[in-house]
Participant: 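Encoded as structure tokens, here's the structure I'll be asking about.
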Amino acid sequence: MKSSTLQKAFFILSLTATNSFAEDNKLFEQANAAIKSGNCDAGIRILSELSSRNVPGALINLGNIYATGSCGEQDFGRADSLYKAAAALDVPIGHYQYGLLHFGDQSYDQDYDLVFKHWSRAFNQGMPIHYELSILYYKGLGTSKNPEKAESLLIEASSLGDEHARDLLNSFYQDKGGPLYKPKQ
């Protein structure tokens with residue numbers, strides 16, 4: 001998955017307006033600077049303060065820290081509760097991260113129904129996760145198998161320049177046992 005790219009891309013974008021946006025933004029900058037300089041405790045303390053006020057960007061970024069263990073031990077339970085809170089605020093990246101934590105054999109708590117629900121919501125809010133959703137449709141994970149829908153999503157993503165989508169679509173076309181086998185594509 002392209003999670004690290006999406007995490008970085010949405011670090012600032014996941015911030016939403018609050019009563020004190022400028023103050024929250026300044027705190028985010030302080031947290032980011034502290035973490036980059038190796039002072040994880042200070043950065044986590046600031047993000048925790050913002051998370052306690054349900055600031056979406058803090059929920060996401062603190063969830064990322066716990067999910068990756070980038071500032072200490074991994075804590076998937078904490079990451080799960082933070083991503084869930086961001087999803088409850090209907091933040092697209094919150095839906096995506098919450099689903100990602102539950103995707104795959106190595107996931108925190110595999111639940112493809114949850115993944116499909118939250119990734120669909122993120123996609124419907126404009127998040128470009130055609131590739132990820134296509135896998136769910138193609139394999140029937142959390143939804144009914146629908147290879148044609150998977151193909152449609154990958155064609156759309158390819159037209160938007162997503163090389164990963166194009167490669168996955170080509171692999172579907174080359175899979176002799178697969179429902180989309182088209183050797184001349």
Participant: What are the two closest non-hydrogen atoms of D109 and H102, and how far apart are they?
Facilitator: O-ND1, 2.7 Å

Participant: Tell me, please, which residues at least two apart from Y112 pass side chain to side chain donor-acceptor pair (under 3.5 Å).
Facilitator: Q110

Participant: Between S159 (side chain only) and E156 (backbone N and O only), is there a donor and an acceptor less than 3.5 Å apart?
Facilitator: yes

Participant: What's the spacing between C71 SG and D41 CG if we round to 0.5 Å?
Facilitator: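 That separation rounds to 8.5 Å.
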
Participant: For residues N32 and E29, determine if any side-chain heavy atom of one lies less than 4.5 Å from a side-chain heavy atom of the other.
Facilitator: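 Of all side-chain heavy-atom pairs linking E29 with N32, none is under 4.5 Å.
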
Participant: Of the options L59, N64, L100, which is the one that meets Y83 in a side chain to side chain contact (heavy atoms under 4.5 Å, CB included)?
Facilitator: N64

Participant: Any chance the rings of Y96 and H118 have centres within less than 6.0 Å?
Facilitator: no

Participant: Locate the shortest heavy-atom distance separating D162 from H164; write the atom from each residue and the value.
Facilitator: OD1-N, 2.9 Å

Participant: Can you see which heavy atom on A165 is nearest to which on A157, and at what distance?
Facilitator: CB-CB, 3.5 Å

Participant: Where is the tightest heavy-atom contact between L27 and I46, given as atom of each residue plus distance?
Facilitator: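 Distance-wise, the nearest heavy atoms are O-CG2, 3.3 Å.
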
Participant: Using 0.5 Å steps for rounding, measure from the CD1 atom of I44 to the CD1 atom of I65.
Facilitator: 5.0 Å

Participant: Could you pull out all residues at least two apart from D90 that satisfy salt bridge (Lys or Arg N to Asp or Glu O under 4.0 Å)?
Facilitator: R121

Participant: Contact between D80 and Y98 at the side-chain level, heavy atoms closer than 4.5 Å - yes or no?
Facilitator: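 They are in side-chain contact.
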
Participant: Treating N61 as the side-chain partner and G57 as the backbone partner, does any N or O pair qualify as donor plus acceptor under 3.5 Å?
Facilitator: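 Yes; judged by distance alone, with no hydrogens or angles, the pair exists.
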
Participant: Less than 4.5 Å apart, any side-chain heavy atom of L62 and any of S48?
Facilitator: yes

Participant: Can you see which heavy atom on L47 is nearest to which on F28, and at what distance?
Facilitator: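 Between these two residues, the closest heavy atoms are CD2-CE2, 3.8 Å.
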
Participant: Out of curiosity, T68 OG1 to Q74 CD, how far, rounded to the nearest 0.5 Å?
Facilitator: 7.0 Å

Participant: Working to the nearest 0.5 angstrom, can you tell me the gap between I129 CD1 and S120 OG?
Facilitator: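 One gets 7.5 Å once the value is rounded to the nearest 0.5 Å.
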
Participant: List the atom pairs, donor and acceptor, that lie under 3.5 Å between side-chain atoms in residues 133-148 and the rest of the protein, sequence neighbours left out.
Facilitator:
unit_1, atom_1, unit_2, atom_2, d
S134, OG, Y131, O, 2.6
N146, OD1, E148, N, 3.4
N146, OD1, K149, N, 2.9

Participant: Tell me, do L169 and E151 make a side-chain contact under 4.5 Å, heavy atoms counted?
Facilitator: yes

Participant: Calculate, to the nearest 0.5 Å, the distance between atoms CG and OH belonging to L168 and Y173 respectively.
Facilitator: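 Separation between the atoms: 10.5 Å.
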
Participant: Do Y181 and F172 have side-chain heavy atoms sitting under 4.5 Å apart?
Facilitator: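 A side-chain contact under 4.5 Å is absent here.
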
Participant: In the structure I gave you, are the side-chain heavy atoms of D24 and L50 within less than 4.5 Å of one another anywhere?
Facilitator: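 Answer yes - side chains close enough.
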
Participant: If you take all heavy atoms of A34 and G43, which pair is closest and at what distance?
Facilitator: CB-N, 3.7 Å

Participant: In Å, rounded to the nearest 0.5 Å, how long is the span from CZ of F116 to CG of D111?
Facilitator: 13.0 Å

